[in-house]
Amino acid sequence: MTSPTTTSPSPARGIRIAIDRGGTFTDCVGTYKDETIILKLLSVDPSNYPDAPLEGIRRIMSHFLGREIPRGQPLDTSQIESIRMGTTVATNALLERKGERMALVVTRGFRDCLVIGNQSRPRIFDLAIRRPEVLYEEVVEVDERVTLEDYAEDPERKVTQADARVGTPEAAGKDLVTGLSGETVRVLRRPERDAVRARLQDVYDKGIRSLAVCLMHGYTFPEHERLVGDVAREIGFQHVSLSHELMPMIKLVPRATSVCADAYLTPTIKRYIEGFQAGFVGGRLGTKSVLAPGEGQGAADAAAAGAPSSKGARCEFMQSDGGLVDVDRFTGLRAILSGPAGGVVGYAMTSWDDKTRVPVIGFDMGGTSTDVSRYGEGRYDHTFETTTAGVTIQSPQLDINTVAAGGGSMLFFRNGLFAVGPESASAHPGPACYRKGGPATVTDANLVLDRLLPDFFPKIFGKNEDEGLDPEASRRALQGLADQIRRETGRALGIDEVAYGFLQVANEAMTRPIRSITEAKGHDVSKHRLATFGGAGGQHAVAIAAALGIRQILIHRYSSVLSAYGMALADVVDERQEPESAVWSTRPEVIEALRRKLDALKARSRQALREQGFADGDMVFEEYLNMRYRGTESALMIVKPDDGWDYGAAFVEHHRYEFGFSLDDRDIIVDDVRVRGIGKSFRHGGKTVDEQLAAVARRDVDAAAKKHSTASVYFEGGRRETPVYKLGDLAVGDVVRGPAMLADGTQTIVVTPDAAALVLETHVVIDLAPSEASSSSSSSSSSSAAATAATADGPSHEAAREVDPIMLSIFSHRFMAIAEQMGRALQKTSVSTNVKERLDFSCAIFDAAGGLVANAPHLPVHLGSMSTCVRRQADIWKGKLRKGDVIITNHPSYGGTHLPDVTLISPAFNEAGTDIVFYVASRAHHADIGGITAGSMPPHSRELYQEGAAIKSEKLVSEGRFNERRVVELFSEEPARHPGSSGTRCLADNINDLRAQVSANKKGISLIESLMAEYGEATVRFYMLAIQRNAELQVRRLLRAVHDRFQGRDLAAEDFMDDGSPIRLRISIDRDKGEAVFDFDGTGPEVYGNINAPEPITYSAIIYALRCMIEDDIPLNQGCLAPVKVKIPPKSLLSPSDHAAVVGGNVLTSQRITDPVKGFGYYETIAGGSGAGPTWEGTDGVHVHMTNTRITDAEIFERRYPVLLREFSIRRGSGGRGQHRGGDGVVRDIEFRIPLQVSILSERRVYQPYGLRGGEPGQRGLNLWVRKVRKATWERSLERLRLEHERQEHADGGAGGNGSGNGSGNGNGNDDDDDDEYEERYINLGGKNSAAMQAGDRIIIQTPGGGGWGKVGEPKALGGGGGGADPTQGWKKGSFAAREELALQA
């Protein structure tokens, strides 16, 4: 068969080659005349060839030319029409930190902006905090500065006009200019060219030849970056990346990391390309190689049409955005998702039908990871900020979510649970069956179950690359795991059960990112098709689809090499983007200004495509506006509507679809204009899948005639004799009913019982029976015997039931997935920045007694406290709740932490509606709930009422009816009754966020009810308790280990708050029982201030500390506290009275900047240094322990508020010295441009962070107010007193005569004021204070460093700090895996 989806626009002159170099395999597709061949070879096989793509090209050419081309011989490009490639060279260099030596040039005060980043830590329970290393070797700070003149939160919406635009001659030397975004820019300081040259020369003299330049607000004011770039090129730097040229979008940190990535990777890419091109005769590829010098557009058109040429060959590389680019234009920044992007193009071009418009989910399961994506609405989904290998990239990329579960993912049995990945066996040594002594992997599990057929797998293994897979090696590896399970649990599972259990757990892990890209954006996952590809995709497709409720699976005939095939189908793309700041309007002048910008971008894109050989008739352009509501950061990229220019209506419609609401009273802001120029390189024809489905004549396959063989394949319930068919023997229209196996030399497709496969010309289509697609049974149950037994048992048998470790592992995933989906529902439908963007919320599920089962937290302080809250509310409302009720509470004495954290609790009943079987809850930080200050976090509160609405226990929803009137009373009217207090200042946001929390709770109940429908109520309840018992066992094991380590001694510690209040703790461990008593006797009394901490916070701290000491990930639930007894002295600051202030007890290091008069507020938490430990150094500038929120980017900060961030850097030397150094704190220097009220709430300003084992303490923090005061001398003070006395005498004698008011001054007095001299004074604000800052005043916050470990001078003992784990494990993963990390830990 030949694919109908690609035809050349003109007769081909040679071989067309498409290659995807993946982490494990390199896939190659070669087409010549009417024949297409595909090859698979190992990406790394140094004993046989140095470069896999060159080896693939050699083999393809040898096949088509009919003669063997010797390895190492340059390849003749005269036989090649085009080469298209996706490569992992850039990704690997980033992962392994093997890029080019480079330096970063940045604005003075921001040298550490990439060290601090967003100040969060990647793994919240690692005491040894490991953040990714920065890419640069040197930093150059340039003494320059610009800022935005106006600010977005100005209630008066003042707009300053400038009379010159940046980049024009008129702008030279002016302090106010219009930037590229249309915003007015104030130039505060211009760089001195000679000073820049001297600094850059120093860097050049150190041997560095690559430079990244990113200056504050360079996206809209690029002049200073251009000056630095010009000087660098004059000096001789070989590569210079300027941030405004790469991606002119606001946000300093992502733009700086992006420009560093480009400077780090592009020279590496260029060297690889040079080496690759050296493998060809003439050593030159690309558009220029097929054009003679001086040839113009006509030659380019001829080249684009494939006209013969004796020179070179076209060579294009796939970019992260799904478009190809000429080899000479390929850069590191656009190369990071080069390989996966080809797969998205491949399934999009072969699975989408523009008439039926059924959306498609791409499921690319490769050797080391699985990539999932979505294609709908006829265009690619792009994202503009992603994190790869610990580097946040700001560049258009396909929205691909990666999870570390692939064919090569290693299998483990840890802490009583089955675990798949994230570690991978990679290509070397590979899975156990690769004959290189590798570990057990997903591939081995499939092989053991005969879901992978060695006879159909390439024979490329062994010493001579001529042997197939080794099933016996797989069996030995899986048997080792079965033996471990028997030793640790006493359960004797067969090797088949173990292998199948691991596949089920892997499938659960892979469904989670699919839900993320669909449900989180408002899409119904069940209304999609699943397009599966990648070497391992066919073995898991039905299980994944069944788990998601998807009814139809599409498997392309080249599915195992679809990423490479997608390269052959892709178009060449040129992306252009510029910043904007317009308020959207249909007024002609607004539309015309935006149209001019888009037209200018289109002209530049058109020229770039012409230079790559495209005629104007082969180009199309997509025009976008990046839009958001004022006051939010949830921007949406809106494509130009088909029916005209009403981008605004399209934005509102898209916002309602994705987030569930619109903000009709807010302006719509245009942040960016973007053009995507597309050069159509191949015409796409032939029938779509839907057209083939409509026309095909179906018939059951003639098994007797076409069956290749029979295999005993393991399905749910046991092995079944299963027919095996060669794909090449099946005809269009053949229907193969499961169970069956379809295979060829590159892929194996598993058709499960109750599914049926239909063969089309281009695809195999698998239809699932409705019962299978509507449940997750294929991917989420253990063996049928276990599942049946589990369901049959009633509650009375739970105590006697034996825990199945496979089911336990699956339910662990399912419970966490439900909590995550609750969180996505809350984030999607919320309005406030705190919830939607800062992610300051948690969602959780609880058993019938209120015990925590699964929690998806973003902040550790929420971990243990919610369960206390649920239990207390369950007691209060026992017997009074009905289906559809929702309880609201935030009071510290009723399970709350501090008042802004509002908790909503929903009961879920059994089918009869008589008994509560579980609870769900959501806790969200509300931006304001009233009190004496805006934001409800006053630094000087003494009584609870001063902190806002205090809700002990109320019914917010009664049998489905939301009581909005009661919300108004609770949040607005009741707080305002207290002296000096106000009601909430953002009632509409409160109501919207509460509705979002109700929606999240409904989602959780619905999902658990579905789980119960699938498994039975008794089974779900049983495993709710079992997962808690599992965590309990791990904590008991930990406590025994701690007992042994300290030889049975009690552990005691004492620390002090800055006001002198002591916190004392003694821990006594009973080794026999594996239990501990945490006794806080001796802790100070309740404080007449706000540092009191409610009891739930203590439980959160304990559960956090216990989890930190367990090196492996375990389910974090109520079981962690079961072996722990906590004794808190009554009336202490850890058990405050009902009316005690507590806001500081929850966030002791939070800072607040707010202006209640001007109508806006801002809240941020600032990082410090983490403590060192026995095997690790402390980390600089990072959030530690109970908080992990992100800091607002410097450029966003200055755009929103009337401030100037003068410095945000590491406070060097503030970490305690020792054998291992404590981490340094940070310096944050903020200047205020208008009068503002500033409050700060902080600790460690009196008592230093202590060191351990002889380590020195870290430096205490310091908060300084830099204010301008009159310069005073004795003589000037006497003169001022004399003048004041004279004015008073004059006022006494004739104030009524001249009609002047009291206090008016005469001319001399005013002149005297004008002549006054001012000086800067540094005033210590203390740890908790509030001050009225004037324009020009500053606050300098110096946060404390971490304590050191060990005595100074002792030899370092640095190690893994985490059980020998890969120190990069926390960030060396894909995009979804990075976000998933937090949930997996919790």
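Checked against a 6.0 Å centroid threshold, the rings of F811 and Y1023 count as neighbours.
For NZ of K955, the number of neighbouring non-hydrogen atoms (other residues, nucleotides, ligands) closer than 6.0 Å is greater than 12.
Between D483 and R486, at least one side-chain nitrogen of the basic residue sits less than 4.0 Å from a carboxylate oxygen of the acidic one, meeting the salt-bridge criterion. Note on K1125 versus E1075: no salt bridge recorded, every NZ/NE/NH1/NH2 to OD/OE distance being 4.0 Å or above. Using a 4.0 Å cut-off between charged nitrogen and carboxylate oxygen, E959 and K883 do not count as a salt-bridge pair. A salt bridge links E1014 to R814: one of the charged nitrogens lies within less than 4.0 Å of a carboxylate oxygen. By the 4.0 Å N-to-carboxylate-O rule, R512 lies too far from E508 to be salt-bridged with it. With respect to D767 and R551, no salt bridge is recorded, no charged nitrogen being found less than 4.0 Å from a carboxylate O. Using a 4.0 Å cut-off between charged side-chain N and carboxylate O, R719 and D450 make a salt bridge. By the 4.0 Å N-to-carboxylate-O rule, R1037 lies too far from E488 to be salt-bridged with it.
Between V886 and F962 the shortest side-chain heavy-atom distance does not fall below 4.5 Å. Residues R475 and I495 have side chains in contact (heavy-atom distance under 4.5 Å, counting atoms from C-beta outward).
Annotation: cation-pi pair R871/Y1099 absent, no NZ/CZ under 6.0 Å from the ring centroid and within 45° of its normal.
Residues D524 and S526 approach most closely at OD1-OG, 2.8 Å, considering heavy atoms.
Residues N1001 and S922 have side chains that bring a donor and an acceptor to within less than 3.5 angstrom of each other.
Distance check, rounded to the nearest 0.5 Å: OH of Y894 to CG of D875 gives 12.0 Å. Distance check: L503 CG to H540 NE2 gives 5.5 Å after rounding to the nearest 0.5 Å. Atom CD of E820 sits about 11.5 Å away from atom CG of L1007, to the nearest 0.5 Å.
At least one donor-acceptor pair closer than 3.5 Å links the side chain of D847 to the backbone N or O of G851.
Between F418 and F413, the ring-plane angle classifies as perpendicular under the 30° and 60° cut-offs.
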